[in-house]
Amino acid sequence: MKSERRLFLKQASITGAVFSLLPLVPAGAFASSHNQSKKEEGIDIGVCEMTPEEMSGPYFINNKLLRRNITEDEPGIPLLLTMKVIDSVTCKPLHDILIDIWHCNAMGKYSGWKYINPDLEAPSSNIGTISRTDESTFLRGAQRTDEEGIVRFTTIFPGFYAGRAIHIHLSARNANVQKRQEDKFYFVGQLYFPEDISKEVMSNDMYSPRDVNRLKNEDDSIFSGVKRAAILTMKKIGDNPLDGLHGKIVLSINKDNVSKKITPKDLAKYTV
């Protein structure tokens with residue numbers, strides 16, 4: 001597995017280098033949960049439909065771990081995640097936005113709560129309501145968007161836990177706030193995967209066997225509870241999924257929005 005991971009990191013660095021040389025591509029080149037605005041004489045007008053917000057869940061930790069590789073040697077199929085963040089009003093890239101992501105490992109466990117049984121549904125879905133069991137930090141991290149609104153993370157394809165489809169949590173906030181009381185989240189949401197990719201990955205030994213069945217996207221009430229969920233466009237980096245996967249998406253957010261999914265009051269909770 002370690003040799004496969006080294007190969008992936010080498011391939012991912014090549015992918016990232018090529019990607020960084022590309023011109024500012026239209027949002028249609030990525031998966032997107034918004035509509036393109038109309039154009040008049042080359043100037044964007046109208047509004048890009050905002051990516052829908054979703055619950056933060058109970059496993060958010062406000063540790064602001066600034067790093068691209070969040071794996072920490074967790075076993076799983078390597079995943080290179082690329083997100084482009086745009087302004088829902090102007091449809092232009094948003095620079096210097098802090099993007100946090102967090103997700104479970106191949107067996108459905110979150111860092112900070114790795115002793116909770118993922119084959120049983122969580123006792124609560126609200127932020128700050130479940131006591132932590134440990135101080136681990138795997139599969140969590142944050143990056144600032146670059147001038148093209150892009151952030152990249154190296155991680156693994158997530159597993160699943162009881163009652164949920166496979167997903168990645170994320171948030172977007174002001175990158176330059178020092179005081180917790182002034183922290184402002186513009187957006188809190190979740191990313192999902194196409195069913196064919198999820199089915200193929202979950203057949204791997206690193207993700208099975210489990211004592212609970214995985215929910216498909218359409219059977220997840222949180223996924224189906226929004227108008228247009230954020231589903232990643234996926235591509236295999238090599239001929240075999242074990243070589244790694246690359247997921248891309250465009251997220252359209254409003255910097256004037258103050259999210260109610262994670263608030264300064266939530267950040268004061270002892271589990272956060």
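Bear in mind the structure is a predicted one, so any value in this text is a computation, not a measurement. For the numbers below, each heavy atom of this structure counts, side chains included, while hydrogens, waters and symmetry mates do not.
- Looking at H103 and L191, their side chains never come closer than 4.5 Å, going by heavy atoms from C-beta outward.
- Salt bridge present: E72 and R67 bring a charged side-chain N and a carboxylate O closer than 4.0 Å.
- Between I166 and M202, the shortest heavy-atom distance links the atoms CD1-CE, 3.6 Å.
- Between I101 and I70, some side-chain heavy-atom pair lies under the 4.5 Å cut-off.
- Counted by atom type alone, S136 and Y110 present zero donor-acceptor pairs between their side chains at under 3.5 Å.
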| said: Run V151 and R144 through side chain to side chain contact (heavy atoms under 4.5 Å, CB included) and show every step you take. | reply: CA-CA 7 Å; V151 290; R144 293 170 182 253; 5.8 Å; no

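- Annotation for Y270 and S131: closest pair OH-OG, 2.7 Å, computed over non-hydrogen atoms.
- Electrostatic pairing of D183 and K64 counts as a salt bridge here, judged by a charged N lying under 4.0 Å from a carboxylate O.
- In this structure, S124 contributes its side chain and N126 its backbone to a donor-acceptor pair below 3.5 Å.
- For N204 (side chain) and Y207 (main-chain N/O), no donor-acceptor pair under 3.5 Å exists by modelled atom type.
- The shortest distance between side-chain heavy atoms of F185 and L267 falls below 4.5 Å.
- Checking side-chain atoms of D134 against main-chain N and O of G112 turns up a donor-acceptor pair under 3.5 Å.
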| said: Pair R164, L215 - check side chain to side chain contact (heavy atoms under 4.5 Å, CB included), show working. | reply: CA-CA 6 Å; R164 289 302 319 276; L215 286 188; 5.6 Å; no

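- The closest donor-acceptor contact from the side chain of D220 to the backbone of A165 lies under 3.5 Å.
- The backbone N or O of H169 lies less than 3.5 Å from no partner atom in the side chain of Q190, so there is not a single donor-acceptor pair.
- No side-chain donor from either of S252 and E49 sits under 3.5 Å from a side-chain acceptor of the other.
- For the atom pair SG of C104 and CG of L139, the computed distance is 8.0 Å after rounding to the nearest 0.5 Å.
- The distance from the CG atom of L232 to the CZ atom of F157 is 8.5 Å, given to the nearest 0.5 Å.
- Within the 3.5 Å criterion, the main-chain N or O of T271 finds a donor-acceptor partner in the side chain of R132.
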| request: Begin from the C-alpha positions of E53 and N257 and carry the test side chain to side chain contact (heavy atoms under 4.5 Å, CB included) through to its verdict. | output: CA-CA 11 Å; E53 283 201 292; N257 180 58; 3.8 Å; yes

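- For the pair K248 and K84, the minimum side-chain heavy-atom distance is 4.5 Å or more.
- For E195 (side chain) and N217 (main-chain N/O), no donor-acceptor pair under 3.5 Å exists by modelled atom type.
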| request: Determine, stepwise, if the pair S198 / Y192 fulfils side chain to side chain donor-acceptor pair (under 3.5 Å). | output: CA-CA 10 Å; S198 294; Y192 298 90; over 6 Å; no

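- Defined by atom type and a distance below 3.5 Å, a donor-acceptor pair is missing between the side-chain atoms of N69 and R152.
- A donor and an acceptor atom, one from each side chain of E218 and S224, are nowhere located under 3.5 Å apart.
- Counting heavy atoms from C-beta outward, L170 and D100 have side chains that stay 4.5 Å or more apart.
- L251 contributes atom CG, which lies 15.0 Å from atom OH of Y186 (distance to the nearest 0.5 angstrom).
- For the pair R210 and F160, the cation-pi test (distance below 6.0 Å, angle within 45°) is passed.
- Contact check for Q143 versus I99: no side-chain heavy atoms found under the 4.5 Å cut-off.
- Here the side chain of S125 pairs no donor or acceptor atom with the backbone of G57 at under 3.5 angstrom.
- A donor-acceptor pair is defined here as one N or O able to donate and one able to accept, closer than 3.5 Å; such a pair exists between the side chain of T145 and the backbone of D96.
- The shortest heavy-atom contact between F223 and A229 is CE1-CB, 3.3 Å.
- The backbone N or O of I127 sits less than 3.5 Å from a side-chain atom of K269, completing a donor-acceptor pair.
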Let me check something: any side-chain donor-acceptor pairs from residues 234-242 under 3.5 Å, sequence neighbours excluded? List them with distances.
residue	atom	partner	partner atom	Å
K236	NZ	E200	OE1	3.4
K236	NZ	E200	OE2	3.2
N240	OD1	L242	N	2.8

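- If you take NZ on K260 and CG on D266, they are separated by 12.5 Å, rounding to the nearest 0.5 Å.
- Judged by distance alone, the side chains of S111 and R140 do bring a donor and an acceptor atom under 3.5 Å apart.
- V272 places a side-chain heavy atom less than 4.5 Å from the side chain of N62.
- Checked against the 6.0 Å centroid threshold, H167 and Y161 count as a close aromatic pair.
- Put simply, the side chain of W113 reaches to within 4.5 Å of the side chain of I61, judged on heavy atoms.
- Pairing each heavy atom of I156 with each of A106, the nearest pair is CD1-N, 4.0 Å.
- With rounding to the nearest 0.5 Å, the separation of CG in D87 from CG in D256 is 8.0 Å.
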| task | Let me see the working for L98 and N174 under side chain to side chain contact (heavy atoms under 4.5 Å, CB included), right down to the final yes or no. | result | CA-CA 6 Å; L98 188 68; N174 188 324; over 6 Å; no

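- Atom CD1 in I97 sits 12.5 Å away from atom CD1 in I86 (nearest 0.5 Å).
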